Protein chains: 2
Amino acid sequence: MVRPLPFDPIEEAGRQWGAQEWDEVGAMQAATSIMRAQQIVLARVDEALRPWSLTFARYEVLVLLHFSKEGVLPLGKMGDRLMLHQASITNLVDRLEQQGLVKRVPHPTDRRTTLAQLTGEGRSVVGDATKAVVAAQVGVAELSDRDARDLHRILRKLRAGADDFES
Amino acid sequence: MVRPLPFDPIEEAGRQWGAQEWDEVGAMQAATSIMRAQQIVLARVDEALRPWSLTFARYEVLVLLHFSKEGVLPLGKMGDRLMLHQASITNLVDRLEQQGLVKRVPHPTDRRTTLAQLTGEGRSVVGDATKAVVAAQVGVAELSDRDARDLHRILRKLRAGADDFES
DNA sequence: CCAGATTACTTTGACTTCCAACTATCTGTC
DNA sequence: GACAGATAGTTGGAAGTCAAAGTAATCTGG
């Protein structure tokens with residue numbers, strides 16, 4: 001994909017950022033670290049999901065449906081949970097439907113609402129795909145349990161501040 | 001953009017992941033935290049850059065050029081530093097060129113290579129835009145210096161493992 | 001009870017990212 | 001020196017994201 005560098009690009013950026021007398025070097029490095037880490041995790045999980053022609057985004061939709069009792073959820077609810085725009089959910093469900101993993105069904109009482117329902121194959125695929133994702137340690141193999149916990153704790157502050165959820 | 005939830009979606013996901021007897025709950029929560037954090041940071045920085053019609057990606061290109069002595073770099077080198085695919089750099093430089101912030105110039109000796117060069121306006125925009133990015137604390141306002149340092153330290157392990165750079 | 005506001009989803013269009021294929025140019029080797 | 005292989009960048013296509021506008025259905029206040 002990309003050639004490895006002979007130095008850590010974020011250390012280097014910190015050095016040069018400071019040399020320009022720009023502030024918030026630590027914040028810049030933290031932010032940049034998050035961006036790169038996301039790139040890495042996404043690439044690894046997508047790789048693990050390739051056998052099912054799934055992406056992380058579509059996999060998340062399947063997992064969310066799997067977690068709901070009947071394997072059925074309104075599209076809007078999924079958008080809220082996954083922090084995605086309505087149009088993105090429409091698009092993801094379109095593709096999952098084409099793949100036969102999900103099917104759209106009308107809401108029994110509210111005719112504005114469309115429900116996504118896990119198909120039999122969808123349910124089976126979630127299970128298999130999750131095994132692969134777990135085997136890939138969800139893309140964060142280098143982190144100890146302690147690291148994972150610390151990371152989660154620190155990023156929770158960020159998410160809480162972004163109104164990600166009511167705390 | 002999206003409605004806030006009455007609970008922390010990552011805590012909830014951890015609960016349900018465990019209830020399915022799936023492993024690596026901690027890794028899953030760490031990975032998901034990274035994905036959401038990236039979404040938040042990206043949105044905030046993009047917002048700060050809106051007055052210049054810049055995105056984080058294009059801003060990073062400008063900063064990289066600004067850091068180089070002459071404001072000139074081969075496209076490929078920028079792809080390596082920013083961990084982006086060649087095609088992405090081509091696209092970013094296309095747009096920056098349309099915006100008049102960068103201009104393509106031929107490499108003096110290697111005719112395969114194209115150099116991107118910061119224009120006068122480009123150099124001025126980097127400075128102004130950086131003030132805005134710093135004012136927005138690079139999107140990680142909630143993190144203390146300590147948090148930022150810890151985050152950087154933990155994610156460095158992940159990046160090192162991904163061959164992001166030679167350690 | 002009904003007009004206006006709200007809600008749910010889809011559509012369209014602009015961007016970004018990657019991959020794969022392609023063109024052009026160098027480089028190392030015999 | 002010639003040629004096979006590597007390297008640099010561009011192009012086209014698939015996927016995903018968001019914003020804004022459109023359609024349909026439901027809710028609400030007078």
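Proteins come first, then strands; the chains are lettered A, B, ... in the order of their sequence lines, and each starts at number 1. Scope of the values below: all heavy atoms of this structure, side chains included, with no hydrogens, waters or symmetry mates. If you're wondering where the values come from, they're calculated on a predicted model, not measured in any experiment.
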Please tabulate, one pair per line, all N/O donor-acceptor pairs under 3.5 Å involving side-chain atoms of residues 16-25 of chain A, not counting sequence neighbours.
unit_1: A/Gln16; atom_1: NE2; unit_2: B/Phe67; atom_2: O; d: 3.4
unit_1: A/Trp17; atom_1: NE1; unit_2: A/Asp23; atom_2: O; d: 2.7
unit_1: A/Gln20; atom_1: OE1; unit_2: B/His66; atom_2: NE2; d: 2.9

- Find which nucleotide of DNA chain D each of B/Arg50 and B/Ala87 is nearest to by heavy atoms, and output the residue with the more 5' nucleotide.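 The answer here is B/Ala87.
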Give a yes or no on whether the backbone of [Y] and the side-chain of [X] come within a donor-acceptor separation of less than 3.5 Å.
X        : Y        : value
B/Glu97  : B/Arg104 : yes
A/Thr119 : A/Gly100 : yes
A/Asp46  : A/Thr55  : no
A/Thr130 : A/Val126 : yes
B/Gln99  : B/Ser53  : yes
B/Gln117 : B/Gly71  : no

- Side chain of A/Asn91 only, please: which of D/dA19, D/dG16, C/dT17 is the nearest?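 Within the option list, the nearest is D/dG16.
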- Does a side chain donor of either B/Arg44 or B/Gln137 reach within less than 3.5 Å of an acceptor in the other side chain?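 No donor-acceptor contact under 3.5 Å links the two side chains.
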- Message: Any donor-acceptor pair under 3.5 Å linking the side-chain atoms of B/Asp147 with those of B/Ser144?
- Response: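 There is such a pair (donor and acceptor under 3.5 Å, judged by atom type) between the side chains of B/Ser144 and B/Asp147.
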- Query: Do any of residues 124-142 of chain A sit with a heavy atom less than 4.0 Å from DNA chain C, and if so which?
  - Reply: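 Residues of residues 124-142 of chain A that come under 4.0 Å of DNA chain C do not exist, since none gets that close.
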Where along [range] does a heavy atom fall under 4.0 Å from DNA chain D?
range                      : result
residues 97-114 of chain B : B/Arg104, B/Arg112, B/Thr113, B/Thr114
residues 54-70 of chain B  : none
residues 28-40 of chain A  : none

- Message: For a quick test of reading the model, state the closest non-hydrogen atom pair linking A/Leu155 to B/Ala37 and the distance between them.
- Response: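 For A/Leu155 and B/Ala37, the tightest heavy-atom pair comes out as CD2-CB, 3.8 Å.
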- Message: Does a side-chain N or O of A/Thr90 approach OP1 or OP2 of C/dC9 to a distance below 4.0 Å, or not?
- Response: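 So the side-chain polar atoms of A/Thr90 never come under 4.0 Å of the phosphate oxygens OP1 or OP2 of C/dC9.
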- Item | Intermediate values then yes/no, salt bridge (charged side-chain N to carboxylate O under 4.0 Å, His left out), A/Arg156 and B/Glu11 | CA-CA 10 Å; A/Arg156 194 173 196 286; B/Glu11 297 302 341; 3.2 Å; yes
- Message: For a quick check of understanding: with a heavy-atom distance under 4.0 Å over all strands, which category does B/Leu92 fall into, base, sugar-phosphate or nothing?
- Response: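 Sugar-phosphate contact only - B/Leu92 comes under 4.0 Å of backbone atoms but never of a base.
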Just how far, in rounded Å, is [atom2] of [N] from [atom1] of [X]?
X        : N      : atom1 : atom2 : value
A/Gln86  : D/dA24 : CD    : P     : 17 Å
A/His85  : C/dC15 : NE2   : P     : 16 Å
A/Leu115 : C/dC9  : CG    : P     : 8 Å
A/Leu82  : D/dG16 : CG    : C1'   : 13 Å
A/Leu75  : D/dT17 : CG    : P     : 14 Å
B/Lys77  : D/dA8  : NZ    : P     : 8 Å
A/Arg95  : D/dA14 : CZ    : C1'   : 7 Å
A/Asp80  : C/dC9  : CG    : C1'   : 13 Å

- B/Val72: which of B/Leu118, B/Leu115, B/Leu65 passes side chain to side chain contact (heavy atoms under 4.5 Å, CB included):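 With B/Val72 as partner, B/Leu118, B/Leu115, B/Leu65 yield a single side chain to side chain contact (heavy atoms under 4.5 Å, CB included), made by B/Leu115.
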- Taking only residues two or more places apart in sequence, or in another chain, which ones meet B/Asp150 in a side-chain contact (heavy atoms from CB on, under 4.5 Å)?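 Applying side-chain contact (heavy atoms from CB on, under 4.5 Å) to B/Asp150 gives A/Ile154, B/Arg146, B/Arg153.
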